[in-house]
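Single-structure report; data block below.
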2 protein chains.
Amino acid sequence: MGTIYDLAKKTGFSITTVSKALNNYKDVSDKTRAKILQAAAEMDYLPNAHAQSLSTKKSWAIGVMFSEANEVGMKHPFFNGIIESFRHATEEQGYDLIFASRNLRNRDMSYLEHFKHRAVDGIVVICSDRMDEQVQELMRSDIPIVVVDMDSANCSVVYSDNIEGARLAVNYLYELGHRKIAHIAGDETIDAGAARIKGYELAMQELNLPIRPGYLVNAGFFSVGEGKQAMERLLELDDQPTAVFVAGDQMAIGVIEAIHEHGLHVPNDISVIGYDDIEMIQYITPKLTTIRQDTDEIGEAAAELLLEQMTAKERLTERRIIPVRLVERASCAPVKQ
Amino acid sequence: MGTIYDLAKKTGFSITTVSKALNNYKDVSDKTRAKILQAAAEMDYLPNAHAQSLSTKKSWAIGVMFSEANEVGMKHPFFNGIIESFRHATEEQGYDLIFASRNLRNRDMSYLEHFKHRAVDGIVVICSDRMDEQVQELMRSDIPIVVVDMDSANCSVVYSDNIEGARLAVNYLYELGHRKIAHIAGDETIDAGAARIKGYELAMQELNLPIRPGYLVNAGFFSVGEGKQAMERLLELDDQPTAVFVAGDQMAIGVIEAIHEHGLHVPNDISVIGYDDIEMIQYITPKLTTIRQDTDEIGEAAAELLLEQMTAKERLTERRIIPVRLVERASCAPVKQ
DNA sequence: CAAATTACCGAAAGCGCTTTCGGGAAGAGG
DNA sequence: CCTCTTCCCGAAAGCGCTTTCGGTAATTTG
């Protein structure tokens, strides 16, 4: 591979000139530039990123932090769609992604510390838990940052229009004739959960529908199992809902499971609508009608907001809310007379 | 944050001594070490990773390359399970993962070049396409490397016991009374596809079952749609199989869809068994019986093989084959009389 | 008590690159 | 022909850290 010293020796120029030629400085003649590039190609020269970063204070790396709350990490079907799209967008600008550990030579360190150690140019955090101390610390720092799926006044954020999504869901059920509409909700400590609850309440109010006792049930953190449990609570009610709006697709899978185990049919007995539009719900029975979050667009928006800060070299606080849309499949039907 | 120069000034020692104290050299007294560590803590000192790497030639970073063949990247439900477990294992040893782009200041470069540029300590590639020129190049290099889901004599590899897996599947169907067993296969250019075909043929031979005309159908690259198409071909046969072993879960989903659309029932009319055990198949109808690949163990084994090389600082070529097991669910039934 | 260890510390070189600044040569202008 | 630009190029400092090697002071040994 070699260094610029080797290149300098080989071509007879100084390392200064070599470096300039490589970096397209204008004060080197076309002829010498050509010679140097030629020599570089011949010896497969590649600049050392660490030396460059040390000297320029720019690492061309973006640190990514996943919420580890549920220990799924990159397996999360919604988050990994976002990160994939984010990666594509930043890759085009020449950035690499680094997934940091919290372990430095067996010494524990926070994500912020690790990112500072690595001197990343920016940080993306994909996390729903606003109480996470690690995330708080990142947000307080002065490194360019964008956080996804969570709101904050102190840094750039991007998330879906959860209130509108909830409204879409409720209105859709209403138009199918449903009046007894329940909501299986995500925990209120999670922004997405709270916003969808709010949207549900708003929509119900706008439609002059009462939220009957027990119709708003907290199902925690979006897992299949929690969804199932929540639905079982609804099925115990004397006054059962005819439709349920579920705050997440994974939960909705559990919800459908519970309904089926109860001997009821989806959607003939109970309609269910989910949220997210993760891939697998196209393959369950019935195919789930849901509110689609556009992971591609979320990832791109996040990249955009972060790149903006990195080139401006200052923190900005922009909020980007991505529209959602309803995807009609087969889990909702007109209410039975 | 500050540098070791600041620390030196603050404590009155030389930067040499500061560095030694920080790195637990034994030729610095306990007293001065304590002072220096104390000062370091006070000023939130963190070593600069780039400077360290430049000086030590160790970056504590592992480059990861995903097969981009199907453009799913980190969304791939099987691969991302592996990478997640790999990450956990390497994190414990203090390594960070870097997902490289192929773009360096708008200059195209290969993954190998990029990894050299970043001076990673090792590389993990998760890829099934043995023809990928990028992967070939990585394997030819002298950087420690481990490749997952593919065989090679030139570097450390880890993959599932595909032959045994296929055999398990076929034998299981046989024990249920099936004799007309078809195989919907992955493409032979993919190691996993080829091995499962081989296992299928072997098992059929061991059981003295003929592979009837049209019973071995190539379904390409493991997608739902390709699986569906392949099954439609099987359904056109005069002599339809009573059971089909499908080389991947995603394909199996398509297979079931095709069977259902044909008015037949799984498993009463046709049994289907998949491969992988990705999460979503627990939620489809019927729940898919499958051969489970242990992504956790694969990721750990890959980490182990790579760490071994990185500490030995030389390339090794070890092959690790991870056992599989059959997970019985509801998509297979005894053959109809 | 002199000599030989041992314990502790620092000067300096080096890792590979960028960037400022100055200087010489060539060309332009009068 | 002389001065002023413009064009190219290189010396040197600096980025933050590691590591070798040598030196002094303190300690041990005989």
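Every chain is numbered from 1 and lettered A, B, ... according to where its sequence line falls, protein lines coming before strand lines.
Following rounding to the nearest Å, A:Asn48 (CG) and D:dG16 (P) show an atom-to-atom distance of 16 Å. Between the NZ atom of A:Lys35 and the C1' atom of D:dC8 there is a distance of 13 Å, rounded to whole Å. The CG atom of A:Leu54 sits 9 Å away from the P atom of D:dC15 (whole-angstrom rounding). Whole-Å rounding puts the B:Gln52 CD to C:dG14 C1' distance at 16 Å. For the pair B:Tyr45 OH and D:dG16 P, the interatomic distance rounds to 10 Å; values are reported in whole Å.
With sequence neighbours excluded, no residue forms a salt bridge (Lys or Arg N to Asp or Glu O under 4.0 Å) with A:Asp149. Residues satisfying the salt bridge (Lys or Arg N to Asp or Glu O under 4.0 Å) criterion with B:Arg315, sequence neighbours excluded, are absent altogether. Annotation: salt bridge (Lys or Arg N to Asp or Glu O under 4.0 Å) contacts of B:Glu42 (sequence neighbours excluded): B:Lys10.
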Using residues 297-307 of chain A as the side-chain source, report each donor-acceptor pair under 3.5 Å to any protein atom, sequence neighbours left out, with the distance given to one decimal.
{"from": "A:Glu304", "atom 1": "OE2", "to": "A:Arg320", "atom 2": "NH2", "distance (Å)": "2.3"}

Set out, in order, the CA-CA distance, both residues' side-chain angles and the distance that settles side-chain hydrogen bond (donor to acceptor under 3.5 Å, both in side chains) for A:Ser160 and A:Gln293, then state yes or no.
CA-CA 6 Å; A:Ser160 284; A:Gln293 296 199 68; 2.5 Å; yes
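Residue B:Thr16 places its side chain closer to C:dA11 than to any other of D:dC15, C:dC15, C:dA11. Checking D:dG10, D:dT19, C:dT18 against every side-chain atom of A:Ser19, the shortest atom distance belongs to C:dT18. For B:Pro47, taking side-chain heavy atoms from C-beta onward, the closest of the listed nucleotides D:dC15, C:dT20, D:dC17 is D:dC17. When distances are taken from the side chain of A:Ile4 to each of C:dT18, D:dT18, D:dA11, the shortest belongs to C:dT18.
A rotation axis mapping the C1' atoms of four pairs onto the next four is fitted at both ends of the helix from C:dC1-D:dG30 to C:dG30-D:dC1 over five pairs, and the angle between these axes is 40° to 10 degrees.
Using a 4.0 Å heavy-atom distance criterion, A:Thr3 is classed as a sugar-phosphate-only contact. As judged by a 4.0 angstrom heavy-atom cut-off over every strand, B:Thr56 is placed among residues touching the sugar-phosphate backbone only.
Between the side chain of A:Tyr5 and the base of C:dC17 there is at least one donor-acceptor pair of N/O atoms closer than 3.5 Å.
Near DNA chain C, meaning a heavy atom under 4.0 Å away, the residues from residues 20-34 of chain A are A:Lys20, A:Asn23, A:Tyr25.
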